[in-house]
Amino acid sequence: MTTSLLIDALKSHGHAIKSGHNPTVFACNQLIHLYSKHGLIKDACKVFDEMPDRNVFTWNAIISAHIKSNNLDQSELLFDAAPHRDSVTYNSMLSGYANSEGYETKAFGLFKQMHSVRHDARVDEFSLTRMCNLAAKLRNSLYGKQLHSFMVKTGNDLSGFAVSALVDMYSKSGCFNEAYNAFNGCNHGSVDVVSKNAFVAACFREGNVEMAMEVFTNRGELNDVVSWNTVITGHAQNGLDKNAIELARCMDENGFIWNEHTFTSVLNACSSLKCLSLGKELHARILKQTTINLNSNPFISSGMVDVYCKCGNMKYAESIHSRYGSNNMFSASSMITGYSSQQKVSQARNIFDSLTLKTPVVWSAMFSGYLNCNCCENVFELFHILNQQQTSVVVPDDSVWCSLLGACGMQAVIDPGKQIHGYILRTRIQTNVKTVSSLIDMYSKCGNIQYALRIFKRAEVKDSVMYNVMMSGFAHHGYEQQAFDLFDEMVKDGFTPDEVTFIAILSACRHSGVVKTGEEYFRSMTERYNLTPEIDHYACMIDLYGRANELKQAMEFMRKVPIELDVVILGTFLSACKLHSNLELAHEVEEEVLRIGGESGTRYVQLANVYASEARWDDMGRIRKQMRGNEAGKTAGCSWVHVGSKVHSFTSGDSSRFENESLCSVLQFLIMEMNEKQEIQICS
DNA sequence: GTAGGGTTAG
């Protein structure tokens, strides 16, 4: 039966009842309930208004009807006006308050009132579980514990409703052990599926996948669609995306039909895996399944958009976004991130500008997008726009600070970085560990390793990213020993080194030329930490051998790299050949260099320079000729300084500016400062 | 004879 047919049927039903000579109060109450259930609040009100007699059921029905239609103020008016009130009236109102944003205080007030005077509305299991849900929503375990005590005292702690509410409250407010006790303290034989699902979700929240699956599997006959969705989501949230997909297929095989929650989680796992074929399969499935469509739920359309964005298929993403998700913030932020990851920053900005209402998620996506595209000036410009917003709804959050600090680091401009740091300190806003890492990185990249270290030492909460940032800072500033010490400290403090840690530590090795140490770290990467070296790690090792004039080993190592060599690796090797005047080995890789790196002019120039440095003009000429044939060109790398509002850039060997006396003296000063390596210690 | 409560997605 379609919705309109249903509504017609309801209305004629209502008409029949009302046209009867004496519709009973009971019949009218039923009608109010029916209308409300189908979203026909106006019809429900009409019945209520026209009733000559009403009883407590009537008042409860109309109050609930208004709560259901999200009109809390109207239900409040009726609650106050009601001549009869019982515990159902109170509990309905309590539910309304507890579920709505901004009415939490009223919920507490009403609950307190129930404790005191009314003898017709005592606190019961309904009220207690509702308050438990509120404590869960507010993540307030202290209040939750008080409720729990009261529940035990009044014998209201053992039903399925009570157990699920307690498990959920404890888990969401970060007390897994209490959730465990609440679940295991009840009689296991009578555990119902909702409590079980709540506890499985609690285990996943705690990261205990093993326990979650044990509970899920135990008494599997209880499992329902929510149970399956819980384990699928749980795996996806714990980074086990492949398992999440497998479980979803398993759910199919067990005869459970995917619902909106299932699709949302599977889409989420699919976008993490960046698997386009699976994405297309899911898309087809959504189009085919009659109970679901892209329009039925914003989670589904934005999830689908996100999958296509992560897979780089912006055409498909755009078609779904423009049709179903143009006002959805999650869909929009996926689009912004998707376009930025392809360096299409103006398309990203178009999506951003098309939104009338911008949430912090969208702002943060645009900030990161600009940073990703190296558009530092746009990062600052966007911050300016953010500050000019009339509404104070969006305040800069950690992700905004990270983007701004990232832009400062990228441009090596310390002053705006210091201003942001100062702002954070002055306003005493709470910052998370990511912002602290960004501050460390900013100071390090702007040349002030002392400040970076000071912030690192003072950070109360550290994570492995923060260690990596600090370690890279040490490596770049030539404090190799400190980098090695920090590596040990990181391990001692219980953090596991990851791929980025090894980039930092191998960089430290190559800068200090400690081949043996580098080899040991590289070995430990696979043998001890079970990590797979990536192209950058191999590049570090080749550079390490190359700088130490162990070109034969470099060559040998290069031949053993299990992935295809890239231009960076070959370029690194060529630099070493030039440094140690080894033309023979340069010759050996020449063909490969030009095959892989031929598209950009960089490698041609590099190769030509190797020959030129040894006055091998014929070889150099040969390469230059090929270069012209390929229309290759090389953009010169440069350094720059900010003086006032001007940026002065310098390329290697450019002496045209040295006529400027003040510039010369600044340069001398800088050289002096660089030579005086400052003493720093990492242990306080 | 009516009405109020729990679990899974940003």
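The basis for the numbers below is simple: all heavy atoms, side chains too, and nothing from hydrogens, waters or symmetry mates. Chain identifiers are assigned alphabetically (A, B, ...) following the order of the sequence lines, protein sequences preceding nucleic acid strands; residue numbering begins at 1 within each chain.
Residue A/Asn297 is in base contact, counting any heavy-atom pair closer than 4.0 Å across all strands shown. Using a 4.0 Å heavy-atom cutoff across all strands shown, A/Asp124 reaches at least one base atom of the nucleic acid. In this structure, A/Ser159 reaches neither bases nor backbone, as no heavy-atom distance under 4.0 Å exists between it and the strands shown. Contacts of A/Ser195 with the nucleic acid, taken as non-hydrogen atoms under 4.0 Å apart, include base atoms. Residue A/Thr230 is in sugar-phosphate contact alone, with no base atom involved, counting any heavy-atom pair closer than 4.0 Å across all strands shown.
The base of B/dG4 is not paired with the side chain of A/Ser127 by any donor and acceptor separated by under 3.5 Å. The base of B/dG10 lies outside donor-acceptor range of the side chain of A/Asn268, with no N or O pair under 3.5 Å. A donor-acceptor contact under 3.5 Å links the side chain of A/Ser302 to the base of B/dG10. On a pure distance criterion of 3.5 Å, no polar donor-acceptor pair joins the side chain of A/Ser92 and the base of B/dG4. Taking only distance into account, the side chain of A/Glu125 meets the base of B/dG5 through a donor-acceptor pair shorter than 3.5 Å. No donor-acceptor contact under 3.5 Å links the side chain of A/Asn29 to the base of B/dA3.
Remark: A/Lys172 is in phosphate contact with B/dT8, judged by side-chain N or O atoms under 4.0 Å from OP1 or OP2. Not one side-chain nitrogen or oxygen of A/Gln237 sits closer than 4.0 Å to the OP1 or OP2 atom of B/dT8.
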- Message: Set out, in order, the CA-CA distance, both residues' side-chain angles and the distance that settles ring-ring contact (aromatic ring centres under 6.0 Å, His included) for A/Trp228 and A/Phe216, then state yes or no.
- Response: CA-CA 9 Å; A/Trp228 281 95; A/Phe216 172 77; 5.2 Å; yes
- Does the ring-ring contact (aromatic ring centres under 6.0 Å, His included) test come out yes or no for A/Tyr90 and A/Phe111, once each step is laid out? CA-CA 8 Å; A/Tyr90 273 84; A/Phe111 183 64; over 10 Å; no
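Each of A/Ser331, A/Ser271, A/Ser333 was scored for a side chain to side chain donor-acceptor pair (under 3.5 Å) with A/Asp306, with one residue passing: A/Ser271.
In this structure, CZ of A/Phe161 is placed 8 Å from P of B/dG6, rounded to the nearest angstrom. Spacing between atom CG of A/Asp86 and atom C1' of B/dG5 amounts to 15 Å, rounded to whole angstrom units. In this structure, the CZ atom of A/Arg54 is 19 Å from the P atom of B/dA3, given to the nearest Å.
Ring-plane geometry between A/Phe150 and A/His115 is classed as perpendicular, the angle between the planes exceeding 60 degrees on a 0 to 90 degree scale with a lower cut at 30.
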